[in-house]
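To start, the structure itself, in structure tokens.
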Amino acid sequence: MYKVMLVDDDYPTIEFLSETINWEKLGLQLSSTHENGLHAFQYAKKEMPDILITDIGMPKMDGIELTKEIKKWNPNIQVAIISCHNEFSYAQQAIKLDVQDYILKESLNPEDVEEILIACKRRLDNNTSKVVEVKQLRHKVKMNYDIENHKLLRQLIQGSSNKLLEIFDQSVQYIPVYFYVNAYYQVKKNFISDDTLQFAIYNIMREIINRKELNKILCIHYEQNKGFLFYPDYLTIKYDIFGEVRDLLKELQHSLNHFLNIQVSFLIGNKTDVSLLKSAIIALVNNEKQIFFTRNHTIVNAEEITRTYHGQEIFQYYQDVANELKKAMFQCDLVSFKENLSQWIEFCIAKQYEPKIVKEWFLRMILDLNIRLRTIPYFQSNYHVESIQEEVFLLDTIYELHDWLNNYAEKCLKETTQQLKNNYHQDVVNACYYVADNIEKKLSLDEVAEYLYLNASYFSRLFKKEMQITFVEYVKQRKVERAKELLELTNDSVGQICEQLGYDNQSYFIKIFKKQAGCTPLEYRGRKWNGANVK
């Protein structure tokens with residue numbers, strides 16, 4: 001008798017299925033029920049079920065991750081997913097990953113569940129060891145073939161081997177199509193791993209290609225969110241092959257968006273002989289500029305970029321533009337931030353600066369802004385330098401960069417607004433903004449009080465009452481925090497950092513730093529670079 005495991009964080013659903021289905025009549029045993037995926041997985045390791053019926057959205061471990069982990073222990077387990085409407089895309093994804101069926105909760109009834117259980121039981125009955133071995137062997141061969149082609153494509157692009165060209169039909173021409181998943185930094189967060197995402201994407205694409213009987217098309221993964229399609233031209237009569245290619249790409253876009261909720265862009269190369277295919281592939285990979293200024297979810301023909309325009313003068317505008325964006329953040333003015341950002345993005349698009357230069361400009365600005373924000377005690381930002389660099393590196397287009405920055409500002413300001421509910425006096429808030437924006441200068445209480453149009457004695461008392469620390473000590477703390485950032489992120493000497501923070505006396509600066517950090521600047525840098533955790 002096959003054992004069934006039922007998993008759903010909605011107890012009424014478990015109770016409903018447990019009591020309304022005649023398990024014994026179906027030749028099945030309801031071996032266990034669970035209200036979260038982690039508990040179910042732990043139980044399964046002790047007593048493995050033959051059939052798993054699971055919800056998708058659950059605490060601790062969701063249904064897709066539970067399925068993935070259990071299949072490592074029992075590859076032949078039959079799985080049915082219970083799904084709500086807003087989880088439909090994930091249910092479709094699960095099907096692509098070899099889940100047998102899905103059930104919509106709003107139309108849940110015992111008859112449908114029983115039909116699925118009977119089908120699962122029938123498949124288990126028919127699964128002889130030989131059939132399982134053949135299926136596993138085919139999958140392994142397919143995976144090895146994909147991995148080998150991926151390896152050969154990279155070798156071809158890097159110039160170390162042309163062996164990939166041997167798998168093409170030498171008698172026909174091919175249209176190479178370069179594709180990339182848009183907003184990859186967000187998309188990858190919705191999947192268990194990069195491998196799972198890639199498997200889902202290529203599985204859907206190949207299913208559509210095979211259904212249209214276009215199995216001669218080669219589909220090869222390149223790196224992370226990028227890959228290639230190679231469309232062969234077998235016909236000799238005159239017809240619109242590029243129109244045919246575009247129709248296929250539109251269907252692929254629609255299906256990937258429908259099933260996986262992701263957007264993909266395609267860059268179509270010129271039809272070429274196999275002998276010239278390497279040059280065509282490399283040209284597409286190197287066409288970063290066209291990709292960078294192309295909107296997401298598009299299908300475009302590759303353009304030949306003949307003029308190289310580095311655009312180093314973009315940094316001439318850095319101080320003015322960056323200051324406007326920082327000012328908007330310090331004043332918690334999201335509207336102003338977005339308006340200034342949009343104007344600058346449009347300026348970069350009009351100038352068509354080189355993508356690497358634009359990314360470098362924005363990364364410098366983001367890191368600088370992030371450092372400045374951390375000098376304000378109640379300004380909240382959960383972004384770390386490593387995560388910022390990693391995510392910006394994954395951005396393929398200037399439009400993704402625009403969206404990323406808007407999201408960054410929204411999250412920071414949302415978290416900060418929550419903190420400001422602690423009712424800091426507005427004059428104290430403005431004083432902190434002023435310190436953050438002028439951290440490289442000598443700052444005195446009188447100067448800031450004058451900036452705020454306040455009496456110096458009153459401002460001193462107000463600041464200490466609000467911040468539980470004197471203004472002078474607060475400035476020292478902020479300067480030390482800034483010094484820590486510079487010690488971690490730059491190779492500047494202690495003397496240079498001392499000057500950048502407005503100190504004339506290096507010995508005095510070192511004394512302040514040691515009092516705040518518990519070690520000298522050089523000791524701090526040494527410990528950080530050696531991997532020690534320094535507070």
Residues in ring pair (Phe, Tyr, Trp, His ring centres under 6.0 Å) with [X], at least two apart?
X: H150; result: H221
X: Y178; result: F228
X: F337; result: none
X: Y434; result: Y451

Given 3.5 Å as the limit, does a donor-acceptor pair link the side chain of [X] with the main chain of [Y], or not?
X: E440; Y: Q500; answer: no
X: K479; Y: I439; answer: yes
X: N505; Y: Y508; answer: yes
X: S265; Y: Y180; answer: no
X: Q290; Y: E303; answer: yes

Evaluate side chain to side chain contact (heavy atoms under 4.5 Å, CB included) for L454 paired with D427, printing each intermediate quantity in order.
CA-CA 9 Å; L454 297 176; D427 286 328; 3.7 Å; yes
How close do [X] and [Y] get, heavy atom to heavy atom, and via which atoms?
X: D446; Y: A456; value: OD1-CB, 3.3 Å
X: L452; Y: A431; value: CD1-CB, 3.9 Å
X: L395; Y: E400; value: CA-OE1, 3.5 Å
X: Q506; Y: G495; value: OE1-CA, 3.4 Å
X: G57; Y: D55; value: O-OD2, 3.2 Å
X: D403; Y: Y185; value: C-OH, 4.4 Å

Who are the salt bridge (Lys or Arg N to Asp or Glu O under 4.0 Å) partners of [X], not counting sequence neighbours?
X: E15; result: none
X: K476; result: E473
X: K338; result: E410
X: D396; result: K226

Qualifying residues under side-chain hydrogen bond (donor to acceptor under 3.5 Å, both in side chains), relative to [X], sequence neighbours excluded:
X: T13; answer: D10
X: K464; answer: none
X: S32; answer: H34

First locate atom [atom1] of [X], then atom [atom2] of [Y], and finally report the distance between them rounded to the nearest 0.5 Å.
X: K359; Y: E354; atom1: NZ; atom2: CD; result: 13.0 Å
X: I77; Y: I70; atom1: CD1; atom2: CD1; result: 5.0 Å
X: L260; Y: N203; atom1: CG; atom2: CG; result: 9.5 Å
X: Y353; Y: F347; atom1: OH; atom2: CZ; result: 4.0 Å
X: F362; Y: L405; atom1: CZ; atom2: CG; result: 6.0 Å
X: Q468; Y: F463; atom1: CD; atom2: CZ; result: 11.0 Å

Side chains of [X] and [Y] in contact at under 4.5 Å (non-hydrogen atoms):
X: I64; Y: T196; answer: no
X: F509; Y: L501; answer: yes
X: H402; Y: N406; answer: yes
X: F513; Y: L487; answer: yes
X: W344; Y: I314; answer: yes
X: W404; Y: Q186; answer: no
X: T294; Y: T397; answer: no
X: I53; Y: L6; answer: yes

Under 3.5 Å, is there a donor on one side chain and an acceptor on the other for D194 and Y184?
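A pair is found: one side chain offers a donor N or O, the other an acceptor, under 3.5 Å apart.
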Check against side chain to side chain contact (heavy atoms under 4.5 Å, CB included), N257 and I262
CA-CA 5 Å; N257 188 261; I262 64 176; over 6 Å; no
Heavy-atom neighbours of [X] [atom1] exceed 12 at 6.0 Å:
X: K189; atom1: NZ; answer: yes
X: H39; atom1: NE2; answer: no
X: Y318; atom1: OH; answer: yes
X: K515; atom1: NZ; answer: no

Could K484 and E481 be called an ion pair, given the rule that one side-chain N must be under 4.0 Å from one carboxylate O?
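Salt bridge flag = yes for E481 with K484.
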Walk me through whether L401 and V358 qualify under side chain to side chain contact (heavy atoms under 4.5 Å, CB included).
CA-CA 10 Å; L401 184 58; V358 177; 4.3 Å; yes
Any pair with a residue in residues 490-511 that passes salt bridge (charged side-chain N to carboxylate O under 4.0 Å, His left out), sequence neighbours left out, goes on the list, sorted by first then second residue, please.
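Pairs touching residues 490-511 that pass the test: K442-D504.
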Could you go through F199 and L197, starting from their C-alpha distance and side-chain angles, then the distance that decides it, and tell me whether this counts as side chain to side chain contact (heavy atoms under 4.5 Å, CB included)?
CA-CA 5 Å; F199 180 83; L197 172 58; over 6 Å; no
Would you call the rings of F266 and F179 parallel, tilted or perpendicular, taking 30° and 60° as the class edges?
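Rings of F266 and F179: tilted, 30 to 60°.
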